[in-house]
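What follows is a set of notes on a single structure, which appears directly below.
Because the structure is predicted, anything quoted here is derived from the model rather than measured. Along the sequence shown, residues are numbered consecutively beginning with 1.
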Amino acid sequence: EGGADIQAALDQVTGGGVVEIEDNWRYPQTPAVAVDEGRTLVLRAADRRRPHLAAAGPVVLTPDADGTVVLDGLLISGGPLVLGAAGDIEVRQLTLRHCTLVPGLTRTPGNEPASPGAASLVVSHPFAEVEIERCVLGPVAAVAGATVSVRDSVLDATDADGVAYSAVAGDASAPGGALRLDECTVIGQVHATTVDISNSIMLGTVRAQRRQEGCARFSFLPDGALTPPRHRCQPDGTPVRPQFTSLRFGDPGYAQLRASTPEGIRRGADNDSEMGAGNFLLAPVREANLRLRLDEYLRFGLEAGLFYAT
C-alpha cells in the first residue's frame with residue numbers, strides 16, 4: 001500500500017499466492033507478472049478499494065504451463081495487458097474480474113481516448129483461455145486458437161467503426177480466437193473464428209469465420225452481421241435501435257440504456273431484462289414491480305413517477 005513496489009511483492013509469489021493492494025493509491029509502475037507451472041497468482045484490490053495501476057507500457061503476463069493469472073478490482077491505464085506466446089501447446093489462463101482497462105489506454109483532458117483503437121488486451125498464445133467478468137476494457141487482440149469468454153462487460157473500441165475484437169489490433173480482416181459474449185455491450189467490429197452471443201448488444205459489424213458453430217440469441221445485431229443461427233435477436237423485421245445515455249467512457253451514464261429504448265431491446269433478454277452490460281441490474285423488471293406495488297398501495301388522489309439519477 002501507499003505506492004509500494006508491486007513488482008517486489010509479485011516476485012515473492014511466483015510459486016502461487018495473492019498480492020492485495022489495500023488502498024486507492026495511484027501506482028505509476030509497469031510490473032511483469034510471472035507464475036510457475038500449474039500455479040495461480042492473484043493480484044487484487046482489497047474490498048472497497050480501487051487502486052490505479054498507471055503503467056508506462058505493456059504489462060506482460062507470463063504464466064508457465066497450466067499457470068493462471070488473476071487480476072481483480074484494478075484500474076489499469078497507460079499500456080495493454082500482454083499474454084505472450086510461449087512456444088508450446090500448454091494452456092495458459094488469464095482471469096479479469098471487476099477491472100477497468102481504460103479504452104484508448106489513457107484519456108485526454110477533454111476525456112477523449114489518447115490512443116483510439118489501441119488494444120487493452122493482447123493474447124498471443126494460441127492455447128490461452130481468457131475469462132473476463134464485470135469489466136470495462138478497450139479492444140482485445142487474440143490470436144486464432146485462443147478462447148475468450150466475456151460476461152457482464154463493456155468492450156469499447158471508442159467507435160462503432162473501430163475494431164473491438166480480432167487477431168491483430170485495429171485489423172478487422174484478421175479473425176481472432178473463439179469468442180463468447182454473455183450480457184455484454186460491444187462498441188466496435190468483431191471478427192472471430194467462432195462466436196457465441198447471448199443477451200448482448202453489438203454496435204459494430206460482427207463476422208464469424210465458422211458459422212456452423214455457436215449461436216446468437218436474445219441479442220441486438222447490426223444489419224449485415226454474419227453469425228451462427230439466431231434465436232429471438234433484434235432487429236427482427238422492425239427498425240429498432242438501442243439508445244444510450246452516453247457511449248463515452250467516464251461519463252456518469254456510460255453504456256447505460258435510456259428508458260426510451262424500444263422494449264424489444266430493453267426487455268429483450270432471456271430474463272426479461274435489458275440486453276447488454278446492464279442486464280444483471282434487472283432495471284426493467286424492478287421498475288415493473290415498483291409500478292405494480294404503487295398501484296396497490298398509493299393513497300387515493302396521489303400520483304407517483306419514476307425519476308432517474310442519470
State, with a plain yes or no, whether a side-chain heavy atom of Val140 is found less than 4.5 Å away from one of Val130.
no

Let me confirm one number: the CD-CG distance from Glu274 to Asn271, rounded to the nearest 0.5 Å.
9.5 Å

Any residue meeting salt bridge (Lys or Arg N to Asp or Glu O under 4.0 Å) with Asp251, in chain and number order, not counting sequence neighbours:
Arg248

Supply the atom-to-atom distance Arg97 CZ to Ser153 OG, rounded to the nearest 0.5 angstrom.
12.0 Å

Could you check if a side-chain atom of Leu121 sits within less than 4.5 angstrom of a side-chain atom of Leu94, using non-hydrogen atoms only?
yes

Assess the side chains of Ser260 and Gln243: does a donor N or O sit below 3.5 Å from an acceptor N or O?
yes

Note, Pro228 side chain near Asp196 side chain (heavy atom, < 4.5 Å)
no

Please report the interatomic distance CG(Asp156) to OG1(Thr185), rounded to the nearest 0.5 Å.
10.0 Å

Applying side-chain contact (heavy atoms from CB on, under 4.5 Å) to Thr106 and not counting sequence neighbours gives Ser77, Ala114

Search all heavy atoms of Ala157 against all heavy atoms of Gly188 and return the closest pair with its distance.
CB-CA, 4.2 Å

Check whether Val33 and Ile6 end up in the same hydrophobic cluster, where Ile, Leu, Val, Met, Phe, Trp and Tyr are linked by side-chain heavy atoms less than 4.5 Å apart.
yes

Going from CG on Asp161 to CD1 on Ile187, what distance comes out if it is rounded to the nearest 0.5 angstrom?
12.5 Å

Residues joined to Val163 in its hydrophobic cluster, side chain to side chain under 4.5 Å directly or through other members, sorted by chain and number, are none

More than 12 heavy atoms of other residues, nucleotides or ligands under 6.0 Å from CZ of Arg232: yes or no?
no

Val18: which other cluster members, linking ILVMFWY side chains closer than 4.5 Å, directly or transitively?
Val42, Val70

Write down the atom of Pro31, the atom of Leu53, and the distance for their closest heavy-atom approach.
CD-CD1, 3.8 Å

Determine, using the 4.5 Å side-chain heavy-atom cutoff (strictly less than), whether Val59 and Leu41 are members of one ILVMFWY cluster.
yes

Might you confirm whether atom CZ of Arg210 has over 12 heavy atoms from other residues, nucleotides or ligands at distances under 6.0 Å?
yes

More than 12 heavy atoms of other residues, nucleotides or ligands under 6.0 Å from CD1 of Ile89: is that the case?
no

Between Val35 and Thr40, is any pair of side-chain heavy atoms under 4.5 Å apart?
no

Taking the hydrophobic residues Ile, Leu, Val, Met, Phe, Trp and Tyr, and joining any pair whose side-chain heavy atoms are under 4.5 Å apart, which ones share a cluster with Val82?
Val122

Output for pair (Glu37 CD, Asp64 CG), nearest 0.5 Å, gives 6.5 Å

Minimum heavy-atom separation for Leu221 to Pro235, with atom names?
O-CD, 3.1 Å

Could you list the cluster mates of Leu281? Members are the ILVMFWY residues connected by side-chain heavy atoms closer than 4.5 Å, either directly or through other members.
Phe280

Are the side chains of Ile132 and Leu155 in touch, meaning some heavy atoms are under 4.5 Å apart?
no

ILVMFWY cluster, Leu137 and Val154 together (side-chain gap under 4.5 Å)
no

Could I get the full list of salt bridge (Lys or Arg N to Asp or Glu O under 4.0 Å) partners for Asp11, not counting sequence neighbours?
none

On a heavy-atom basis, which atom in Pro139 and which in Gly117 lie closest, and how many Å separate them?
CG-O, 3.9 Å

Over all heavy atoms of both residues, which pair between Val123 and Ala128 is shortest? Give the atoms and the distance, please.
CG1-CB, 3.6 Å

Among residues two or more places apart or on two chains, list those pairs meeting ring-ring contact (aromatic ring centres under 6.0 Å, His included) that have a residue in residues 182-227.
Phe218-His231

Between Asp36 and Gly16 (side chain of the first, backbone of the second, donor and acceptor by atom type, cut-off under 3.5 Å), is there such a pair?
no

Going by side-chain hydrogen bond (donor to acceptor under 3.5 Å, both in side chains), Thr68 matches just one of Arg39, Glu131, Arg92, Gln93. Which one?
Gln93

Determine which pairs satisfy ring-ring contact (aromatic ring centres under 6.0 Å, His included) with at least one residue from residues 108-153, sequence neighbours left out, and list them in order.
His125-Phe127

Nearest heavy-atom approach of Ile201 to Leu203 is CG2-CD2, 3.7 Å

Determine whether Leu71 and Trp25 fall in the same hydrophobic cluster, where Ile, Leu, Val, Met, Phe, Trp and Tyr are linked whenever their side-chain heavy atoms lie under 4.5 Å apart.
yes

Output the distance between atom CG (Asp270) and atom CD (Glu183), rounded to the nearest 0.5 Å.
7.0 Å

Pairs meeting criterion ring-ring contact (aromatic ring centres under 6.0 Å, His included) with involvement of residues 51-106, two or more places apart
none

With sequence neighbours excluded, residues passing ring pair (Phe, Tyr, Trp, His ring centres under 6.0 Å) with Phe249:
Tyr254

Tell me every residue that passes salt bridge (Lys or Arg N to Asp or Glu O under 4.0 Å) with Arg211, counting only those two or more places apart in sequence or in another chain.
none

Membership question, hydrophobic clusters at under 4.5 Å side-chain separation (ILVMFWY): are Leu181 and Leu101 in the same one?
yes

My understanding is that only one of Ile21, Asp72, Val13 makes a side chain to side chain contact (heavy atoms under 4.5 Å, CB included) with Leu43; could you say which?
Ile21

For Ile197 and Val206: C-alpha separation, side-chain torsions, deciding distance, then whether side chain to side chain contact (heavy atoms under 4.5 Å, CB included) applies.
CA-CA 10 Å; Ile197 304 171; Val206 181; 4.2 Å; yes

Hey, does Cys135 have a side-chain heavy atom less than 4.5 Å from the side chain of Cys99?
yes

Gln7 side chain to Ala32 backbone, donor-acceptor under 3.5 Å:
yes

Asn279 and Ser200, any side-chain heavy atoms less than 4.5 Å apart:
no

